[in-house]
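Sequence lines set the chain letters: A, B, ... in the order given, protein chains first and strands last, and positions in each chain run from 1.
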Amino acid sequence: MGNPKNKTTAKEDCIVQSILQAQDLIKWYDKEKRDLAFRDIQDPYKIWLSEIMLQQTKVDTVIPYFQKWIKKYPTIKDVAKAEITDLLISWEGLGYYRRCHNFHKASKIISQEHGGQIPTSWDILIKLPGIGEYTAAAVLSIAFGKKFPVLDGNVKRVMSRFLGIKVLSVNNLKKIKKVLNLSIPAKNPGDFNQSIMELGALICSPRKPKCFKCPISSICKAALSSNPESYPKKTKKGKVPHFTLISCILKKDNLFLIHKREKNMMLGGLWELPNVKVENKLLTKPFIKKTLEKELKIKVKNISNSCTVKHSYSHFSVTMHCFNCEISNSEIILDDNYNWILKKDISKYPFSKVHHKIFNSL
DNA sequence: AAATCGGGGTG
DNA sequence: CACCCAGATTT
């Protein structure tokens, strides 16, 4: 932390003056924080799991998933022993399914190489699949009381405003990290981290920040400016493309034809109805029939409309037109990736949200 | 540095 | 609808 040159620059003086009042924040946090299911948990496994689930996901969404998961898998060894399909069912609907795959991989490593104990060192933790700088710092500070500041979206926004840093460049993020390292207390560093994140969630919100309720507004550069909301500068994103898919609800003697997606692609390991992307806007029945026959290598005797669902992903959106298909008795499937399963047992397989929309409208 | 990866919430 | 979110990983 020391400066090799024996003088401080004006910039560094400025930073040192900007140290957060950790105790004020923690005091605010103790009083105002929401009653989260993750509070008062000491088990490093549970803290780790909650941090993984909370990546890009709101607290209220996570809570029921977290509680169900803990009940089913009380320890890290239970996760290591489990089949990935069962874990995915517990993760079903939460999104970012790679988190689940990675958590499973990491649990096996911890079970086999660390005797089921969550590592307490940065260097070991950071190498585990699914653990980046945020999660490593969160686990080390919250579970083990170590002085590692977290830097997530909330913290970046709070610090951008507090320091009056508009652009979150790599260099400015380093500056923010330096202030956090100077501010984080040796006592309860995890509470310090959570207090800033909670401040970002409840007070220092992206839009319409409630500076009048903020414990540090009197020393916050953005709050003292005319437009605190303009910090940090937002990067605008282009609009997402839209795709049309047709999907085949192929039933035979109460059996659904479903397909398991490749592990390393989007929604990997989840199951789906056979579907095809189409460019053609004219969705006539002969066209649908021909397309399904060509793509699925089957002979469709009869098709009828079933339902149409729309779904938005972060980087594209889809409209999926579903068709009931009849095939002849002799016509049994396809290649190794396709399987017939019982309709009643469809809940034994994990599906993405868009398929739940379809199943709900059948 | 930028793209990828789900889903839910807000204004 | 546009935009945001308690990020990690790959390219």
Nearest whole Å is fine: how far is C:dA8 P from A:H101 NE2? 18 Å

Would you confirm whether A:D86, through its side chain, and A:A82, through its main-chain N or O, come within 3.5 Å as a donor-acceptor pair? no

With C1' as the reference atom in both, quote the distance from B:dG9 to C:dA8 in angstrom, rounded to an integer. 22 Å

Quick one: does A:R261's side chain have a donor or acceptor within less than 3.5 Å of a partner on A:E272's backbone? no

Nearest-nucleotide check on DNA chain B, A:R99 vs A:V170; residue mapping nearer the 5' end is A:V170

Starting the side chain at C-beta, find the nucleotide from C:dA6, B:dG8, B:dC5 nearest to A:K353. B:dG8

What nucleotide, of B:dC5, B:dT10, C:dG7, holds the atom closest to the side chain of A:Q55? C:dG7

Name the nucleic acid region contacted by A:Y313, choosing base, sugar-phosphate or nothing; use a 4.0 angstrom heavy-atom cut-off, strictly under. sugar-phosphate

Please classify the nucleic acid contact of A:M197 as base, sugar-phosphate, or nothing, using heavy-atom distances under 4.0 Å. base

On DNA chain B, nearest-nucleotide positions of A:H315 versus A:T61: which is more 5'? A:H315

Please give the distance between the P atoms of C:dT9 and B:dG8 as a whole number of Å. 23 Å

Between the side chains of A:T319 and A:H242, does any donor sit under 3.5 Å from an acceptor? yes

A:R207, nearest nucleotide to its side chain (from C:dT9, B:dG9, B:dC5): B:dG9

Using the C1' atom in both, what is the distance from C:dC5 to B:dG6, to the nearest Å? 12 Å

For A:E133 and A:K177, run salt bridge (Lys or Arg N to Asp or Glu O under 4.0 Å): C-alpha distance rounded to whole Å, both residues' side-chain angles, the deciding distance at 0.1 Å, then the answer. CA-CA 12 Å; A:E133 292 194 3; A:K177 206 169 201 174; 3.0 Å; yes

How is A:G93 classified with respect to the nucleic acid when contacts are heavy atoms under 4.0 Å: base, sugar-phosphate, or nothing? sugar-phosphate

N/O (side chain, A:H311) to phosphate O (OP1/OP2, B:dG6) under 4.0 Å: no

Within the side chain of A:S141, is there an N or O that forms a donor-acceptor pair under 3.5 Å with the backbone of A:A137? yes

Which class fits the ring pair A:F359 and A:H355: parallel under 30°, tilted 30 to 60°, perpendicular over 60°? tilted

If you look at every strand shown and take non-hydrogen atoms under 4.0 Å, does A:E133 touch a base, only sugar-phosphate, or nothing? sugar-phosphate

Look at all strands and tell whether A:S352 reaches a base, only sugar-phosphate, or nothing, counting heavy atoms closer than 4.0 Å. sugar-phosphate

A:K310 NZ - B:dG6 C1' separation (whole Å): 19 Å

Roughly how many Å is it from CG in A:L94 to P in B:dG8, rounded to a whole number? 9 Å

A:Y65 OH to B:dG8 C1': how many Å, rounded? 10 Å

Interatomic distance where OH belongs to A:Y96 and C1' belongs to B:dG8 [whole Å]: 11 Å

How many Å lie between NZ on A:K208 and P on C:dC4, as a whole number? 14 Å

Which whole-number value in Å describes the distance from A:L88 CG to B:dG7 P? 12 Å

So A:I52, base contact, sugar-phosphate only, or nothing? Heavy-atom distance under 4.0 Å. nothing

Between CG of A:L54 and P of C:dG7 the distance, given in whole Å, is 8 Å

Is A:T57 side chain donor-acceptor paired with the B:dG7 base, going by distance under 3.5 Å alone? no

